[in-house]
Amino acid sequence: FKNKRTLLLIICVGSALFSINMFLLGAITGAIMNVLSVVRSLVYVDKDKLPIPVKWVNAMFIVAYLISYVLSFAVFGTEPILKNFILELLPIIAMTAMTFAFAADNSKTVRLAGFINSPCWLIYNIFNLAIGGIICEVFALVSITSALIRIDILGNKRKETNQNEK
């Protein structure tokens with residue numbers, strides 16, 4: 001999507017559905033992160049109208065992600081072993097990257113953050129056997145790569161060629 005508002009609204013719907021999926025799979029951190037993703041998407045749709053600076057909103061979301069990480073072990077019964085400490089951290093990293101990207105004012109930043117977001121979610125989905133999530137992240141990686149090549153690389157080369165011809 002070229003329009004950031006449309007992108008955020010689509011992410012909102014997708015995150016709501018993935019939250020249900022993760023909950024049913026018992027992937028509690030993933031479910032919580034997707035609920036927070038819905039809230040984050042709604043907040044950033046009209047970020048210019050926020051009553052507090054965006055950097056404080058970012059900080060609040062990151063604190064919420066970290067609290068969710070702790071809760072997954074302390075309340076929701078995720079076994080506290082090294083594999084789970086690392087695995088449950090992946091959605092936190094993904095969400096943090098996208099939080100900073102959504103706070104930015106351009107689509108290229110969102111696309112670049114996708115190269116952090118999608119691999120983290122892909123690994124998390126593989127370990128939780130979330131087939132829909134795996135398919136989604138593979139599609140997202142192909143889409144992001146395509147957009148970067150088409151818009152950011154080839155688009156910039158076209159601009160340079162047009163400027164050189166003048």
Side-chain angles (χ1 to χ4, degrees), residues 1 3-47 49-50 52 54-104 107 109-147:
F1 297 97
N3 181 308
K4 190 172 162 187
R5 182 179 180 84
T6 304
L7 174 67
L8 289 171
L9 292 173
I10 295 297
I11 288 172
C12 184
V13 172
S15 295
L17 296 172
F18 276 121
S19 180
I20 295 166
N21 179 48
M22 291 291 173
F23 177 75
L24 292 172
L25 289 171
I28 299 301
T29 302
I32 295 170
M33 289 301 107
N34 277 288
V35 168
L36 290 171
S37 178
V38 170
V39 174
R40 179 190 64 196
S41 296
L42 293 172
V43 166
Y44 284 121
V45 163
D46 288 318
K47 74 175 176 117
K49 296 179 183 176
L50 293 172
I52 60 174
V54 171
K55 67 180 178 182
W56 292 109
V57 176
N58 285 352
M60 290 188 310
F61 277 116
I62 292 167
V63 167
Y65 305 152
L66 294 173
I67 290 170
S68 299
Y69 178 77
V70 172
L71 290 177
S72 70
F73 295 98
V75 175
F76 298 113
T78 302
E79 186 180 3
I81 59 174
L82 181 60
K83 178 193 112 190
N84 289 341
F85 286 134
I86 295 168
L87 186 63
E88 301 301 320
L89 193 58
L90 293 174
I92 310 303
I93 294 167
M95 293 289 288
T96 300
M98 293 311 289
T99 296
F100 285 113
F102 291 160
S107 297
T109 303
V110 175
R111 289 189 292 275
L112 291 172
F115 280 119
I116 297 170
N117 178 66
S118 286
C120 288
W121 277 113
L122 179 61
I123 294 166
Y124 187 82
N125 288 328
I126 289 169
F127 275 92
N128 285 288
L129 301 176
I131 304 302
I134 294 167
I135 293 167
C136 177
E137 296 308 333
V138 168
F139 176 76
L141 284 167
V142 170
S143 178
I144 293 165
T145 303
S146 169

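Computed from a prediction, not measured in an experiment: that's the story for all the values here.
Closest of all the heavy-atom pairs between A27 and Y124 is CB-OH, 3.4 Å. Between A16 and V38, the shortest heavy-atom contact is N-CG2, 3.5 Å. Across F18 and C136, no two heavy atoms sit closer than the pair CZ-CB, 3.6 Å. Between P91 and M33, the shortest heavy-atom distance links the atoms CB-CG, 3.6 Å. In this structure, G114 and P119 approach most closely via the heavy-atom pair O-CD, 3.6 Å. Of all the heavy atoms in S68 and I32, the pair that sits closest is OG-CG2, 3.1 Å.
At most 12 non-hydrogen atoms from other residues, nucleotides or ligands lie less than 6.0 angstrom from CZ of F127. Counting non-hydrogen atoms of other residues, nucleotides and ligands closer than 6.0 Å to CZ of F85 gives a total above 12. Taking a 6.0 Å sphere around CZ of F23, one finds it holds 12 or fewer heavy atoms contributed by other residues, nucleotides or ligands.
Here the CD1-OG distance, from I123 to S118, works out to 11.0 Å after rounding to the nearest 0.5 Å. The distance from atom CG of N117 to atom CZ of R111, rounded to the nearest 0.5 Å, is 14.5 Å. Considering CG of N34 and CE of M95, their distance stands at 7.0 Å, rounded to 0.5 Å. Atoms CD1 and CD1, from I92 and I67 in turn, are 10.5 Å apart once rounded to the nearest 0.5 Å. How far CG of L50 is from CH2 of W56: 14.5 Å, rounded to the nearest 0.5 Å. Here L17 contributes atom CG and C12 contributes atom SG; the two are 10.0 Å apart, rounded to the nearest 0.5 Å.
Under 3.5 Å, the side chains of Y65 and T99 contain a donor-acceptor pair of N or O atoms. E88 and S72 share no side-chain donor-acceptor pair at under 3.5 Å.
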Under the side-chain contact (heavy atoms from CB on, under 4.5 Å) criterion, do V57 and Y44 qualify, and how do the steps go?
CA-CA 9 Å; V57 176; Y44 284 121; 3.7 Å; yes
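Within the 4.5 Å cutoff, the side chain of E137 has heavy atoms near those of the N125 side chain. Within the 4.5 Å cutoff, the side chain of V110 has heavy atoms near those of the F102 side chain. By the 4.5 Å heavy-atom criterion applied to side chains, V70 and L66 are not counted as neighbours.
Side chain of S146 to backbone of V142: no donor-acceptor contact under 3.5 angstrom is found. Distance alone, capped at 3.5 Å, is enough to place a donor-acceptor pair between the S15 side chain and the I11 backbone.
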